[in-house]
Q: 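The structure follows.
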Amino acid sequence: MRVSVIGCGHLGIPHAAAMAELGHEVIGVDVDQAKVGQLNRGECPIYEAGLPELLARHTASGRLKFTTSIREAADFADLHFIGVGTPIDADGRSYDTGQVYGAIRQLAPHLDRPCTIVGKSTVTVGTTSKVTALVQRLAPAGERVDVVWNPEFLREGHAVEDTLRPDRLIAGLTTAEGEKAIRAVYTPILDAGVPLFVTDPQTAELAKGAANTFLGLKISYINAVADMCEAAGGDISKIVEILGIDPRIGSGGMMPGIGYGGGCLPKDVRAFTASARQLGADQAASLLRAAEKINESRTDVALALITRALRDHPIEGARVTVWGAAFKPGTNDVRESPALALAQALQQAGAIVTIHDPQAVATAMARTPQFDYTDDLPASLDGADLVVLATEWPEYQHANPQALADRPATPLLVDCRTTLDPEPWRAAGWTVHQLGRPGK
């Protein structure tokens, strides 16, 4: 098929490259001419595992190209994916769908033959019906343009894998033609046995928010239990293991730490909470808001642990190295990064902060230039009074504690992600503190 992907960011670029990998001819559309030029050269402006190779392969083959002309995309494609951003609105609780409607208003007047628009962006329930009405009013093809909502469930850092080999596909639609188009574009994935849930648009819209919000609830729940472990002297890692063996619960996503972040989970929980209130589901809204409050408190919890770890050394004037700037490993995305929030809290408390990250130094520096940065792991420790692990990159988990032990002024490590095996570090002379686990 000939497909377009409108919006080339953390969602659109992996999706465009993956569609080319599936055998489609693909044109990506973005308003940023510099980014389009970079993409057409096969250069990837974001970090995702496997994406640079995929992008380079298919731009070189001619199967994938990028443009700033939405008319070119309309003339080229029979199916149009909408992958523009839907950031949180000025009210802090709902989605700003301005880019979605902006893309539709630009695309629709050029649609003069039957085609399908497939929304990928995360939106408020009820958006599909409004988009359908707008498209069919503005497009010369009118009702011959079908609209399907096909929310993405990508994990940043795994976007290519999750696009090519998802665990499920959802299509919210109202016409047989829309379903036919979805089955055609995803044929290789469906043939591999991935289930397709065909629903009404409202169900598809709610499903994305429900999935991400449940993950937020799970993270906030285990963080609340970690706080109980702190108070009681228990070990959260053992509790996770004990809970995770129950097939009704599972340990996936149940990692205590400094909370969730990124461009999706925080805004999806906020917007889903707001939707619950708008729908009159007040008890659901109260439950969801409680999860938000726990997540919002995690920086204070981590700061308290760091204060205890320093003992008689005040935070003010302390030289603190923060390992991690990205909101999670596998990406250079620093939107709503708990690591950067913790770094800011440390700086506000008077600490001198240096940040290391394997991939996100440039993006973090652009957003928070007030810190010192380095991409040299051993050098990041020079003169440090304390090291804080804030993003669970494998580079930190696989680091050699013995080789690093002589770099800090005091080999003191606070693991705010509870991912390290503390014993090798302690054997190398480090004092290790972890959230929800006894410190030594």
Side-chain angles (χ1 to χ4, degrees), residues 219-220 223-224 226-231 236 256-262 266 292-328 334-357 360-361 363-375 377 379-393 396 404 407-420 422 425 430-440:
I219 294 167
S220 289
N223 278 330
D227 291 347
M228 295 174 69
C229 286
E230 287 278 342
I236 189 60
I258 50 176
Y260 54 78
E292 285 189 277
K293 287 180 179 178
I294 291 171
N295 197 63
E296 291 162 2
S297 74
R298 299 316 293 169
T299 297
D300 292 337
V301 171
L303 204 59
L305 177 62
I306 290 166
T307 301
R308 292 196 299 274
L310 283 168
R311 297 181 182 272
D312 298 328
H313 192 312
I315 288 182
E316 186 173 5
R319 300 182 64 86
V320 179
T321 294
V322 175
W323 279 351
F327 83 93
K328 62 176 288 188
V334 298
R335 290 174 293 174
E336 299 210 36
S337 166
L340 291 184
L342 180 55
Q344 288 173 326
L346 285 163
Q347 188 177 70
Q348 288 167 3
I352 302 163
V353 178
T354 297
I355 297 176
H356 173 274
D357 192 282
V361 165
T363 51
M365 192 180 299
R367 188 171 288 251
T368 51
Q370 67 268 32
F371 303 116
D372 292 329
Y373 289 91
T374 180
D375 54 10
L377 180 59
S380 74
L381 303 180
D382 288 345
D385 298 305
L386 173 74
V387 181
V388 178
L389 194 159
T391 307
E392 61 274 29
W393 283 96
Y396 306 139
L404 298 174
R407 302 299 286 256
T410 305
L412 179 57
L413 173 66
V414 175
D415 176 9
C416 288
R417 289 294 186 176
T418 325
T419 57
L420 291 181
W425 293 82
W430 292 74
T431 300
V432 180
H433 296 263
Q434 294 178 298
L435 285 172
R437 299 180 73 177
K440 295 179 183 178

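Bear in mind the structure is a predicted one, so any value in this text is a computation, not a measurement.
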Q: Please report the shortest heavy-atom distance between A326 and A339, naming the atom on each side.
A: O-CB, 4.3 Å
Q: Salt bridge check: are R319 and D382 linked by an N-O gap of less than 4.0 Å?
A: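 Result for this pair is no, no salt bridge flagged.
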Q: Between T391 (side chain) and W393 (backbone), is there a donor-acceptor pair under 3.5 Å?
A: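 The answer is no, because no donor-acceptor pair under 3.5 Å joins these two groups.
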Q: First locate atom NZ of K293, then atom OG of S220, and finally report the distance between them rounded to the nearest 0.5 Å.
A: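 Going from the NZ atom of K293 to the OG atom of S220 covers 12.5 Å.
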Q: Give a yes or no answer on whether the side chain of E336 reaches the backbone of G262 with a donor-acceptor pair at less than 3.5 Å.
A: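 Answer holds: no.
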Q: Going by salt bridge (charged side-chain N to carboxylate O under 4.0 Å, His left out), name the residues that satisfy it together with D385, two or more places apart in sequence or in a different chain.
A: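 Result, salt bridge (charged side-chain N to carboxylate O under 4.0 Å, His left out) vs D385: none returned.
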Q: Quick one: pull up OG1 in T321 and CG in L381 and give me the separation to the nearest 0.5 Å.
A: 5.5 Å
Q: Determine the interplanar angle of the W323 and Y396 rings, folded into 0 to 90°, and report it as parallel if under 30°, tilted if 30 to 60°, perpendicular if over 60°.
A: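 If you compare the ring of W323 with that of Y396, the planes turn out parallel.
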Q: Whether the side chain of N295 engages the backbone of Y260 through a donor-acceptor N/O pair (distance < 3.5 Å, no angle test) should be reported.
A: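 Answer holds: yes.
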Q: Could you check whether any side-chain N or O of T374 sits under 3.5 Å from a backbone N or O of S380, counting only pairs where one atom can act as donor and the other as acceptor?
A: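 Answer holds: no.
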Q: From D415 CG over to H433 NE2, what is the distance, rounded to the nearest 0.5 angstrom?
A: 11.5 Å
Q: Would V301 and E230 count as a side chain to side chain contact (heavy atoms under 4.5 Å, CB included) if you check the C-alpha gap in whole Å, the side-chain angles of each, and the deciding distance to 0.1 Å?
A: CA-CA 10 Å; V301 171; E230 287 278 342; 5.8 Å; no
Q: Test your reading of the model: is there a side-chain donor-acceptor pair from Q434 to the backbone of L420, 3.5 Å cut-off?
A: yes
Q: Is there a side chain to side chain contact (heavy atoms under 4.5 Å, CB included) between V322 and F371? Walk through the geometry before answering.
A: CA-CA 10 Å; V322 175; F371 303 116; over 6 Å; no
Q: Atom OG1 of T410 and atom NE2 of H313: how far apart are they, to the nearest 0.5 Å?
A: 7.5 Å
Q: Let me see the working for I315 and T307 under side chain to side chain contact (heavy atoms under 4.5 Å, CB included), right down to the final yes or no.
A: CA-CA 7 Å; I315 288 182; T307 301; 3.3 Å; yes
Q: Could you measure the distance from the CD1 atom of I306 to the CG atom of L346? Nearest 0.5 Å is fine.
A: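 Taking CD1 in I306 and CG in L346, the distance rounds to 4.5 Å.
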Q: What's the separation between atom CG in L340 and atom CD in Q370, rounded to the nearest 0.5 Å?
A: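 L340 CG to Q370 CD: 8.5 Å, rounded to 0.5 Å.
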Q: Show, in sequence, the C-alpha distance, side-chain angles and deciding distance for V388 and L342, and conclude whether the side chain to side chain contact (heavy atoms under 4.5 Å, CB included) test is met.
A: CA-CA 9 Å; V388 178; L342 180 55; 3.8 Å; yes
